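As the structure is a computational prediction, the values presented were derived from the model and not from experiment. In what follows, chains are A, B, ... by sequence order, proteins preceding strands, each numbered from 1.
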2 protein chains.
Amino acid sequence: MTEPTDLRDDFPDTPARRAVVSVVRSFGALTRLMGPHYASFNLTPPQFQMLTILNRLRGERITQRRLGRELYVSFPNVTVMLSRIETAGLIERKVNPADRRERFVRITPAGLALLKRIWKVQPMHLEHVTAGLTDPERIELARLLNKMIAGLPPATTEEEAIENRSTPEP
Amino acid sequence: MTEPTDLRDDFPDTPARRAVVSVVRSFGALTRLMGPHYASFNLTPPQFQMLTILNRLRGERITQRRLGRELYVSFPNVTVMLSRIETAGLIERKVNPADRRERFVRITPAGLALLKRIWKVQPMHLEHVTAGLTDPERIELARLLNKMIAGLPPATTEEEAIENRSTPEP
DNA sequence: CAAATATAGTTAAGTTATTAACTAATTGCT
DNA sequence: AGCAATTAGTTAATAACTTAACTATATTTG
């Protein structure tokens with residue numbers, strides 16, 4: 001069935017490509033499987049991630065820009081996501097009096113309570129979606145991924161694309 | 001300065017959790033970095049993925065449902081994505097006369113030409129975003145991720161894992 | 001000090017993603 | 001044959017996410 005000199009092979013199967021493709025596919029598979037789990041708490045996966053970050057940084061003065069960098073998400077998206085979970089009473093925003101451009105974001109007691117309820121069943125789901133790996137493999141996987149992204153720019157747009165200013169329209 | 005029994009530690013740092021968290025973070029970092037690369041060809045990353053799959057399966061009779069399973073994407077999303085790149089002339093859909101519910105999807109010569117242009121520079125970008133890893137590490141990373149998702153259901157909602165038994169490899 | 005510039009956040013338009021509800025076509029059952 | 005159930009695909013509503021363009025505040029500097 002397979003042609004030998006097929007155009008399908010024009011894209012060389014390098015180690016770099018295999019790594020990237022597998023990350024993309026795995027993310028799709030994992031979020032699809034975890035989605036219903038979070039939905040049962042009326043949360044989306046990104047909303048859960050947001051609450052998790054806010055909990056981890058609790059006590060610090062967390063700006064929205066920092067959240068964007070932590071979550072690898074654009075700043076406008078942080079605004080929109082926070083607005084939704086703020087309406088739900090899970091977080092609150094307060095303007096920094098010392099620099100009124102900034103808003104400090106904080107998880108509310110309600111948000112924390114929700115997080116704790118999720119944590120009760122979360123480990124089971126995480127075990128399930130990674131059931132194909134042993135514990136040492138899971139750790140090695142995390143190590144490799146963290147090593148990969150360690151050298152990458154945090155890249156929340158803008159800061160490195162600053163030269164794209166005053167571009168005339170065609 | 002660190003509190004010993006902090007609520008931040010309520011969520012245990014298991015190997016399974018580390019693995020999943022690192023996949024999610026890596027995906028965010030990678031797609032953010034690769035996005036501008038695809039944008040320079042007037043494509044989004046998912047659109048590129050779609051064309052790649054259509055090229056790999058070229059010659060086969062590819063239904064939209066199959067594309068959803070290959071891409072780990074919901075069926076309605078397949079419809080919408082295909083509509084856009086069909087308008088751009090990169091793919092075409094044709095109703096199967098033998099079963100008029102189905103549409104066979106095919107990459108057009110224009111779509112193939114675009115793919116080939118991207119392939120010329122793609123390897124460089126893939127090297128760049130995985131620069132933190134050696135080639136053996138990249139291969140090991142891909143192996144672990146593929147092993148992880150191998151046992152998971154294709155899960156495009158609805159049919160769940162029902163037809164997930166002994167599918168012959170392409 | 002005022003003007004230029006930089007920074008934090010929001011709004012707007014568009015793509016990608018989801019689930020739920022729908023249409024249309026085929027299969028299966030009696 | 002005829003009607004229920006299944007299957008492929010679409011449409012609708014909503015969330016996530018992007019870039020571009022905007023507001024408001026702070027800082028730099030001439």
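Here D:dT19 presents its P atom at 6 Å from CZ of B:Arg32, a figure rounded to the nearest Å. Counting to the nearest Å, the P atom of C:dA8 and the CD1 atom of A:Ile62 are 16 Å from each other. The CD-C1' distance, from B:Glu102 to D:dG9, rounds to 10 Å in whole Å. Taking atom CZ on A:Arg65 and atom P on D:dA26, their separation rounds to 15 Å, with Å as the unit. If you measure from atom CG of A:Asn77 to atom C1' of C:dT15, you get 13 Å, rounded to the nearest angstrom. In this structure, B:Asn96 atom CG and C:dT26 atom P are separated by 9 Å, rounded to whole Å. For the pair A:Gln64 CD and C:dG9 P, the computed distance is 5 Å after rounding to whole Å. The distance from atom CG of B:Leu90 to atom P of C:dT15 is 14 Å, rounded to the nearest whole Å.
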Acceptor/donor pairs from residues 103-113 of chain A side chains to any protein atom, 3.5 angstrom cut, sequence neighbours excluded:
residue  : atom : partner  : partner atom : Å
A:Arg106 : NE   : A:Glu92  : OE2          : 3.4
A:Arg106 : NH2  : A:Glu92  : OE2          : 2.3
A:Thr108 : OG1  : A:Gly89  : O            : 2.7
A:Thr108 : OG1  : A:Leu90  : O            : 3.0
A:Thr108 : OG1  : A:Ala110 : N            : 3.4
A:Thr108 : OG1  : A:Gly111 : N            : 3.1

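In this structure, of C:dA17, C:dT11, D:dA26, it is C:dA17 that holds the atom nearest to the side chain of B:Val73.
Going from atom CZ of B:Phe41 over to atom CG of B:Leu115 covers 10.5 Å, rounded to the nearest 0.5 Å. Within the model, atoms CD1 of B:Ile53 and CZ of B:Arg66 stand 9.0 Å from one another, a figure rounded to the nearest 0.5 Å.
Contact between the side-chain N/O atoms of B:Arg103 and the OP1/OP2 oxygens of D:dG9 is not found at any separation under 4.0 Å. Close to C:dG9, at under 4.0 Å from its OP1 or OP2, lies no side-chain N or O of A:Arg101. Between A:Arg93 and C:dT10 there is a side-chain N or O to OP1 or OP2 distance below 4.0 Å. One finds a side-chain N or O of A:Arg84 lying less than 4.0 angstrom from the OP1 or OP2 phosphate oxygen of D:dA15.
Both B:Leu82 and A:Val80 lie near DNA chain D, and the one whose nearest nucleotide falls closer to the 5' end is B:Leu82.
A:Asp99 comes within 4.0 angstrom of the backbone, heavy atoms only, and of no base. Nucleic acid contact for A:Thr63: sugar-phosphate only, since backbone atoms but no base atoms lie under 4.0 Å from a heavy atom of the residue.
Geometrically, B:Arg25 does not engage A:Tyr72 in a cation-pi contact defined by less than 6.0 Å to the ring centre and at most 45° from the axis.
Side-chain polar atoms of A:Arg93 and A:Ser83 form a donor-acceptor pair below 3.5 angstrom.
Within a heavy-atom distance below 4.0 Å of DNA chain C, no residue of residues 35-52 of chain A is found.
For A:Arg84, the side chain to side chain contact (heavy atoms under 4.5 Å, CB included) partners at least two apart in sequence or on another chain are A:Gln47, A:Val80.
One hydrophobic cluster, built from ILVMFWY side chains closer than 4.5 Å, cannot hold both A:Ile139 and B:Leu145; they sit in different ones.
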